[in-house]
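From a predicted model like this one, the values you see are computed outputs, not experimental measurements. In what follows, chains are A, B, ... by sequence order, proteins preceding strands, each numbered from 1.
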Amino acid sequence: MRKQRLSLFWIVLAAVCALYLLFWGLMLVATMAYTSPEAWWEALTSPQIRYATQLSIWTSTAAAALALLLAIPISYLLSRVDFRGRSLVDAALDIPIVLPPMVVGICLIIFFQSKIGRAIEQVIPLTYQVGGVVLAQFTVAAAFAIRSMRGTFDQLSPRPEDVALTLGCSRFGALWRVALPSARRGMVAAFCIAWARSLGEFGPILVFAGSTRMKTEVLPTTVWLEMSVGNLESAVAVSMLMIALAVSVLIVVRVSGERL
Amino acid sequence: MIRLHQICWQAPGATFALKDVDLHVPPCTYAVLMGSTGCGKTTLMEILCGLRQPSSGRVEVNGVDVTHREPRHRDIGYLPQDLALFPAMKVSEQIGFAPKVRGRAGEAIRAIVEDLADELGIKHLLDRRPQNLSGGEKQRVALARALAANPAVLLLDEPLSALDEVRRDDVAQLLKTLQKRHSLTVIHVTHSRTEAEALADLRLSLRDGKIVAE
């Protein structure tokens, strides 16, 4: 009797999971069925969309790499040092995750109108430039990379790093030679999460870098631009491309998780 | 060789404390420090090797005050209870870690790794990673890793606690042999009286935050 009730419980949970996956599956099938392969090919070979694809891939890669570079020291500090105000800093680092993306864009554009912002722009032009795309992506993706790396370092025992100190390492040496090699799986996951997040970023890029064709147009802005001129087939084709890229990232995360 | 003067340490936000701990272990001595669980044995080991800073007092090694030196400049090897092998490294890399960090040449590192692996009977394990080692094998690898740094002092935190009875006797014998062969000053922490009787040149006990000779 008890076994039956337990089975029913798991069956209900499995049904909930299956329904959710089915919902996603149906949406994807409907999206794919909306356009023909010819229309898809035509859209993807257009110079604007090819430019947006290339720009999306390289800006996402740059933003994810910068996010990981920032995430490693911050998350290592938060994971290993118990200092006053740590929970406050921890909460503050989550702000970009909870802020509406458009607000991040507005904050960026207002900051770069300030004295400090204008001084930075004299050295590196960012507003309505390709650099601005990377910065907008990085601003949000970094918070996700920090959260992911924090989980990785929290799961790693600090004892091997302590032993490394007695064997001749400095603190930096213990991080570089012991903690980072042990955290490589988490680093790949953090990079992929930051990359995927950057690839899908729209609001901050639209506000801060604009959506100039063949200049600051990335894939999400392409979808928006195509939709706004009523070219739904192109918008669907670009959406499918983004889905393919996102699935590739998921596969990389899963495979690296098993192999590293 | 090792001298602690009036070492004090207070756990943040807790009542646990070490109070005015004095300790003297002569050179090339196998000292066994006993005490009940949670009495501060591990904390004292961490203060000795520099992983914790005492609130007051002085740590001396070979007559030199090392209280404010970083762990890497103390000439003390440390084997924590969980051994803390490096998860991403092969056994050969673990043993070669200290010589590599200290800038030894590749050929010299290989010679140190070969010699220690031979001495500890782990030559056949050099290409394995920690997750593919048994408890006894991990113990030997951790010992070889610590000895590769050529320390004057070796701190062993409950090194036999995770081993079965047969392996325990083997490793105990090995520890005593290594201590003599490498002229080490050893402080071995345990709560087993049998271990202390079998190994100790000097038996010490940590009670109520103070060290007393047995």
Worksheet item: What is the minimum heavy-atom distance between B:Ala88 and A:Arg184, and which atoms define it?
Response: CB-NH1, 3.4 Å

Item to complete: Please flag which part of B:Arg74 lies under 4.5 Å from any non-hydrogen atom of chain A: side chain, backbone, both or neither.
Response: neither

Worksheet item: Under a 4.5 Å heavy-atom cutoff, which of B:Lys100, B:Arg72, B:Met89 has the most pairs with chain A?
Response: B:Arg72

Worksheet item: If you count the non-hydrogen atoms of other residues, nucleotides and ligands that lie under 6.0 Å from CZ in B:Arg52, is the total more than 12?
Response: yes

Worksheet item: Is a donor on one side and an acceptor on the other found under 3.5 Å between the side chain of A:Arg159 and the backbone of B:Leu85?
Response: no

Worksheet, complete the sentence: dist A:Thr166:OG1 -> B:Arg145:CZ (nearest 0.5 Å) comes out at 7.5 Å

Worksheet entry | Residue among A:Ser182, A:Ala183, A:Pro181 with most heavy-atom pairs under 4.5 Å to chain B | A:Ser182

Discussion item. Within the supplied structure, the quantity of interest is the number of heavy atoms (other residues, nucleotides, ligands) at a distance under 6.0 Å from A:Leu19 CG; does it exceed 12?
Written reply: yes

Fill in: Reported CG-to-CD distance for the pair A:Leu165 and B:Glu70, which is rounded to 0.5 angstrom
8.0 Å

Worksheet entry | Residues, nucleotides or ligands: over 12 heavy atoms within 6.0 Å of A:Tyr20 OH | no

Discussion item. Please determine whether the number of non-hydrogen atoms from other residues, nucleotides or ligands lying under 6.0 Å from atom CG of A:Leu88 exceeds 12.
Written reply: no

Item to complete: Evaluate whether atom CZ of A:Arg147 has more than 12 neighbouring non-hydrogen atoms of other residues, nucleotides or ligands under 6.0 angstrom away.
Response: yes

Fill in: Flag if over 12 foreign heavy atoms under 6.0 Å of CD, B:Gln53
yes

Discussion item. So for B:Phe97, is it side chain, backbone, both, or neither that comes closer than 4.5 Å to the heavy atoms of chain A?
Written reply: side chain

Discussion item. Other residues, nucleotides and ligands only: do more than 12 of their heavy atoms fall within 6.0 Å of NE2 on B:His24?
Written reply: yes

Worksheet entry | Proximal component of B:Ile76, with respect to chain A [non-hydrogen, under 4.5 Å] | backbone

